[in-house]
Structures are given as C-alpha cells and as structure tokens.
Amino acid sequence: MEHLYSISAYSFDLDEYGGMSEALERIRKAGADGIELLTGYFDPDPTFRGVAKGVHLPYATDWYSPWTGDTAYIEKVSEENIRYRSYGRNREETIQMVKDAIVHASAISPAYGVFHASNTRMDEVLSLTHKDSDKDVLTAVAELMNGVMRSFSGGEPPYKIIFENLWWPGLTMRDDSGYEMLLDSLEFNNWGLCLDTGHLMNHLGRCREEEQSIRDVLDIVRSYPREMIDRIETIHLHMSLSADYQKECIDSWSSLAPIDDEEMISKAYGHVSKIDQHRPFTNRLCTEIVNVLRPNHVTHEISAKLPEDRLSGFSGQLSLFG
C-alpha cells in the first residue's frame, strides 16, 4: 500500500511550493510514497512520470444537463470555460473532452485515473437538495464512459478508471447500489472505485464529531460485499465535520434571490469548501477504514491555505499509521 500526496499539475499550485522540484522534494520529505496528480487538458510535465502513481481527472460542474438535452445554462458560457462547466455542449463534445483528458494524463503512465461519478445542476449547486436521482446520473455516467471507451483500442482505457463518490446525485457509496449499477452498465473491464471518506461524511449529513463520524463510515464500509471492496483501488482520506453548516445553510440558500451563473459559481466555491472541509484525521481509529478496505493506494487529500499547513496535515495524518 502506498501513501500519496494530492497536488495539481497546474503551475500556480506548484509555484506555491517554490516550483516543481521544490514541491516534489518537500512532499518526499513529508513521507509520501508518491503523489496523486490533478490533471487538465494538457500533457503533464514528464518529471511526474513515476512520481505520480495516479491522476485525478478534471471535473465539470454540470455535465449532466447538456448530456440530457438541457442546454439553457451553457448558452452564455465561453468556449474557454465550457470544458470546466460541462465538458461540452452536447454528447459528442463531452465524450471527446473526457477522452482528451484521459489521453493527456496517459503521457505519464499512471496506474489509475479518478473520475467523479456525480453531478449537480448549475441552479442547484448551492442547494442541499437535488431533483436528479442517483440512478439517473449513474446511468448517464455509464453512457458517457462507455462512449469514451469505444474510441480506444480494444474498448479499454490506457489505465484503470476509478469512480469516486460525492454527496451530489450519482455515486455516493453509502451502500453497494451504485457499484451494482456500474457493474451492470459499464461495457469495459478496467475500472474500479475510489472511496472519499470526507465526501461520504458530507452525504451522511450528521457528522460533527470525529470519532463518531469515523464509526459511521466504518459501519458502512464493513457492509460492502467482498467483490465491491475488491474494486476499491484507492481511498481519499480526510474528514469533513460540516453537519452544522449544512443545517444552517438550508434556509439561507433557499431564500436566496435568483442570481446569474457567474455569481452562483463565485458563491459556490466558498459554499462547497465549507461543506467539504478536507481536514486531516487526528484519531487513529481512521486507520481501521483503510484496514477494512486494503486499497493499493491511500491519498491523503488535505486542504489548507498554505502549503506548509497542507504538508503538516499530511504528515500528521500519515503518522497515525505508524
């Protein structure tokens, strides 16, 4: 099992650490076996080859709406931003954009690529309620990824595609229902799962205290069938104890006057970060989650304003495994 540090391939992120060489050295000294690299629509620097054990493919805010024919919100989105909002304006463009992201990341030969198997509609991004069902979104995920894979030789991706849970409609991993849907719907074989512990805590909506929240996650992962556990390639390990914020924001966001998409996106960054806190665990009980699932990789996905604090959070959480 390898313990990975999460960082992006974008220069603005690396510059925070003093450049690529300095970043990789600091990450190595913090105790990481390698990194999970957030990629984009460009070939990552060759320096990442061998260091980046896996990649996190780019995510689009609301790809499901245009996929299902609802294109109203993207009519005013620029060509520069469309890939970040919805991948594309129709199914063909969406399939091509996701394929492009997979191909670009293949330049550094990762073992896997994480893909968020979920969606929130643009007009629901600030909401805690959504009209789309998990089943509908996962059906679309399977259609999208099957379309992408048909364009590859042999119908298989260049590396394993790992589907990650969120608290929005789609894959939640609260039980094995999403896994069963993917198993029945995907036409390719080289795929797996990524359990994000913080995202699962967000989905539960009751996580306020660390130890009990860990126990809640443990109850869930211990209920997974063995064949589902065998599909879990990696864990994104962190915690979010945001139940109180979620309760507070229900009324404040529901009473918000209509706003345009740009203002909504601006507000959404702060809103999502308050829900999805990406805090390091401090209780050694969290290692039992890893012991139950025994993935090949554990990505310590810690957020903080300063790289020093992210590195410190990583080292602190990693030390729980000592």
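Just so you know, residue 1 is the first one in the sequence shown, and it goes up from there.
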* Indicate yes or no: does Arg85 engage Asp62 in a salt bridge with an N to O separation below 4.0 Å. => no
* Asked: Is the centre of the His3 ring less than 6.0 Å from the centre of the Phe321 ring?
  -> yes
* Asked: Quick one: are the ring centres of His238 and Phe314 less than 6.0 Å apart?
  -> no
* Going through the distances and angles, do Asn202 and Asp276 end up as a side chain to side chain donor-acceptor pair (under 3.5 Å)? -> CA-CA 7 Å; Asn202 299 337; Asp276 196 24; 3.2 Å; yes
* Are Leu200 and Leu293 joined in one hydrophobic group, where the rule is that I, L, V, M, F, W and Y side chains link up if heavy atoms are under 4.5 Å apart? -> yes
* Should Arg121 and Asp70 count as an ion pair when the cut-off is N to O under 4.0 Å? -> yes
* Short N-O contact, Arg89 and Glu79, less than 4.0 angstrom -> yes
* Is there side-chain contact between Met145 and Val98, with at least one heavy-atom pair below 4.5 Å? -> yes
* To do: Indicate yes or no: at least one non-hydrogen side-chain atom of His203 is less than 4.5 angstrom from one of Arg174.
  => yes
* Structure fact -> By side-chain contact (heavy atoms from CB on, under 4.5 Å), Ser177 pairs with (sequence neighbours left out) Asp175
* Would you mind checking if Arg284 and Glu211 are paired as a salt bridge, meaning a charged N to carboxylate O distance below 4.0 Å? => no
* Is the Tyr10 to Phe42 ring centre distance short of 6.0 Å? -> yes
* To do: Check salt bridge (Lys or Arg N to Asp or Glu O under 4.0 Å) between Arg26 and all other residues, then give those that pass, not counting sequence neighbours.
  => Glu308
Sequence neighbours excluded and cut-off under 3.5 Å, please list the side-chain donor-acceptor pairs for residues 217-225, or say none.
{"unit_1": "Ser223", "atom_1": "OG", "unit_2": "Ile220", "atom_2": "O", "d": "2.6"}
{"unit_1": "Tyr224", "atom_1": "OH", "unit_2": "Met173", "atom_2": "O", "d": "2.5"}

* Asked: Does the gap between the ring centers of His56 and Phe115 come in under 6.0 Å?
  -> no
* Inspect the contact between Lys53 and Asp33 and indicate whether a charged nitrogen and a carboxylate oxygen are less than 4.0 angstrom apart. => no
* **Lys/Arg N to Asp/Glu carboxylate O, Asp230 vs Arg226, below 4.0 Å** => yes
